[in-house]
Amino acid sequence: MSLIKKMALAAAMLLATHASFAQDPGKTLRIVPQADLKILDPIWTTAFVTRNHGYMIYDTLFGVDADGKIQPQMIDHYTVSADGKSWNFTLRRGLVFSDGKPVTSEDVIASVRRWAQRDNLGQKMLLALDKFEPVGANGFRMSFNQPFGMLLEALAKPSTNPPFIMPARVAQTPADRQIDDTTGSGPYVFKKDEYRPGEKVVYLKNRTYVPRSEAPSGTAGAKLVYVDRVEWVILKDAQTQTNALINGEVDMIEWAPAEQYAALKANPKVSLQSQLPKGSVALHLNHLIPPFNNPKIAQAAFMAINQEALMKAQLVNKDLYNTCTSIYPCGSTYASDKTAYFTGKSQFAEARKLLKEAGYDGTPVVLMWPTDFAQLNKYPPVLAALLQQAGFKVDLQSMDWPTLVSRRAMKSPVAQGGWNAFITAWGIADTMNPLFFASLTGSGEKGWFGWATDARLEQLKSEFLATMDEGQRKQLAEQIQEQNFAGSIVGPIGEYKPLTAYRKGVVSGLVSAPVNVFWNLKKD
């Protein structure tokens, strides 16, 4: 064989090897996410699927480890003054965005400011903040008018909303407008040209990302990527999800569908693991427009709730849920049985009495129903029946989850596309602290969807923030819960136990965390 032919053969073999590598299924991890991803801005919305997208492509200044302790993430070291008013932070060296440009103090300041405008705890931080300034390209200083004892908790906030770090040019987007640039600081890169809402979302390993040296733990430590590509495969039907996992068409289901729990548990090809601690489910009302702008009518809606009936309809198996009347996780530091009129069991006679006193005129209540969301779609029909027994007329409107997420931001009357009520889920990272709880707001139109106005609630939260005494915080948390029920802001439906399903012997490395994270995963 001539030298030229040998070289040609060698080149062909090399190309074949590269082609094989590029198509190697072991380098592509396919995950069914909890919902379809249509909103890409994790600061603009509190939707979990968008938050999880945020963790794929962005990093944070601090993280929360598996023991619940706050750890530096993008930060190398920090100091605080003796009076607690001045904090100095230094970034880790070598941090770059996915476009190759270095992460600077300017990027951090712009990102944190934008986040703070949308976040409950962030808004209180801004009120206390005096100066937020760079210290060279790699450091920044935060000076407060008075000590802000929850600063690290704010910067490490794991959920709704995490303060993700973006380039300054992106973070300068007004907080009430969605970003359109997905340049990130995290372990993956969003493949925008392959993004197909309703079909799939693609991420590539970010080869410019510099992980920490510590072991992965919660949202802290090393965010290691062992695959070249992650695909979120959008499958909305529970049976289809399960079949795809068993047949090897996907490698993981982020939230195993409850109606398939028994089948998945019995299948030798499948492993079930609790990546997250328990979460909670709650009813949220629109206090801005009739009828729930009337406090008595709002209380009547909460009185219709039957936790056992609602949770059983959605989760079927008692292994996967429990009732809980506290707005904080049952068994947690701030959990309380002080719930005023709320019992978690339907009180139809009392509800009808309140409706009569309030002069409810029978106007239908628009209850949004995300029919495509397997983790939530059984609750609304049951709630609609309960509300009807309590004396309400109900307009149960079906839609997909992304439509609900967009529509809940509308403040217009029902006739112009508005809404009255919806149900959503929260994680323990969202509800363990009243300052983390995005929906627990009384700040009117500046607050979370539902826009309740409750000056007393906000005052109690400010007092909670101001004290470092744990006994006093517990008392204030209890008062905050009582005020929540007085204003009918968060209506507890119960607690769920989320499970992740994955192919046994194929996927490994799932990290226990307060939220769903997809680094450290290996595909064998």
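For reference, positions follow the sequence shown, starting with 1. All figures in this text were calculated on a predicted structure; none of them were measured in a lab.
Salt-bridge annotation for K191 and D193: present, with a side-chain N of the basic residue lying under 4.0 Å from a carboxylate O of the acidic one. Taking 4.0 Å as the cut-off between side-chain N and carboxylate O, D251 and R30 do not count as a salt-bridged pair. Between R114 and D176 there is no salt bridge, since none of the side-chain N atoms of the basic residue sits less than 4.0 Å from a carboxylate O of the acidic one. Taking the charged nitrogens against the carboxylate oxygens, K378 and E259 do have a contact shorter than 4.0 Å, which makes a salt bridge. Comment: R229 engages E231 in a salt bridge, judged by a side-chain N to carboxylate O separation of less than 4.0 angstrom. Taking 4.0 Å as the cut-off between side-chain N and carboxylate O, K223 and D59 count as a salt-bridged pair.
Taking 4.5 Å as the limit, some side-chain heavy atom of I493 sits within range of a side-chain heavy atom of I423. Between P158 and Y55, the closest side-chain pair of non-hydrogen atoms falls below 4.5 Å. Contact check for V210 versus V96: no side-chain heavy atoms found under the 4.5 Å cut-off. Counting only heavy atoms from C-beta outward, the side chains of Q71 and E214 never approach each other to under 4.5 Å. Side-chain contact between T500 and N516 is present, with at least one heavy-atom pair separated by less than 4.5 Å.
Ring geometry for F518 against W232 counts as perpendicular: the plane angle is over 60°, on a 0 to 90° scale with 30° as the lower cut. Below 30°, between 30° and 60°, or above 60°: for Y58 and H53 the angle between ring planes is above 60°, a perpendicular geometry. Between W448 and F422, the ring-plane angle classifies as tilted under the 30° and 60° cut-offs.
Annotation: side-chain hydrogen bond (donor to acceptor under 3.5 Å, both in side chains) contacts involving residues 280-289, sequence neighbours excluded, comprise H284-W426. Annotation: side-chain hydrogen bond (donor to acceptor under 3.5 Å, both in side chains) contacts involving residues 153-167, sequence neighbours excluded, comprise R51-S159, D119-K157, S159-D430, T160-D430.
To the nearest 0.5 Å, atoms NZ (K200) and CD (E194) are separated by 5.0 Å. One distance of note links CG of L283 with CG of L310; it measures 9.0 Å at 0.5 Å rounding. A distance of 11.0 Å separates OG1 of T208 from NZ of K205, quoted to the nearest 0.5 Å. Of the inter-residue distances, the one linking M368 atom CE with T403 atom OG1 reads 10.0 Å to the nearest 0.5 angstrom. The CD1 atom of I70 sits 8.5 Å away from the CG atom of L155 when rounded to the nearest 0.5 Å.
Partners of D65 by salt bridge (charged side-chain N to carboxylate O under 4.0 Å, His left out), not counting sequence neighbours: none found.
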Run the side-chain contact (heavy atoms from CB on, under 4.5 Å) test on S346 and M303 for me, step by step, so that the C-alpha distance in whole Å, both residues' side-chain angles and the decisive distance to 0.1 Å come before the verdict. CA-CA 6 Å; S346 297; M303 285 181 171; over 6 Å; no
Let me see the working for R503 and E249 under salt bridge (Lys or Arg N to Asp or Glu O under 4.0 Å), right down to the final yes or no. CA-CA 10 Å; R503 294 170 64 196; E249 296 162 8; over 6 Å; no
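Ring to ring, Y379 and W369 are not that close: their centroids are 6.0 angstrom or more apart. Taking the six-membered ring for Trp and the full ring otherwise, the centers of F342 and F485 sit less than 6.0 Å from each other. Here the two rings, on Y209 and Y188, have centers that are 6.0 Å apart or farther.
Of the candidates I179, T183, D107, I179 is the only one forming a side chain to side chain contact (heavy atoms under 4.5 Å, CB included) with M166.
N377 places no side-chain N or O within donor-acceptor distance of the main-chain N or O of P370, the cut-off being under 3.5 Å.
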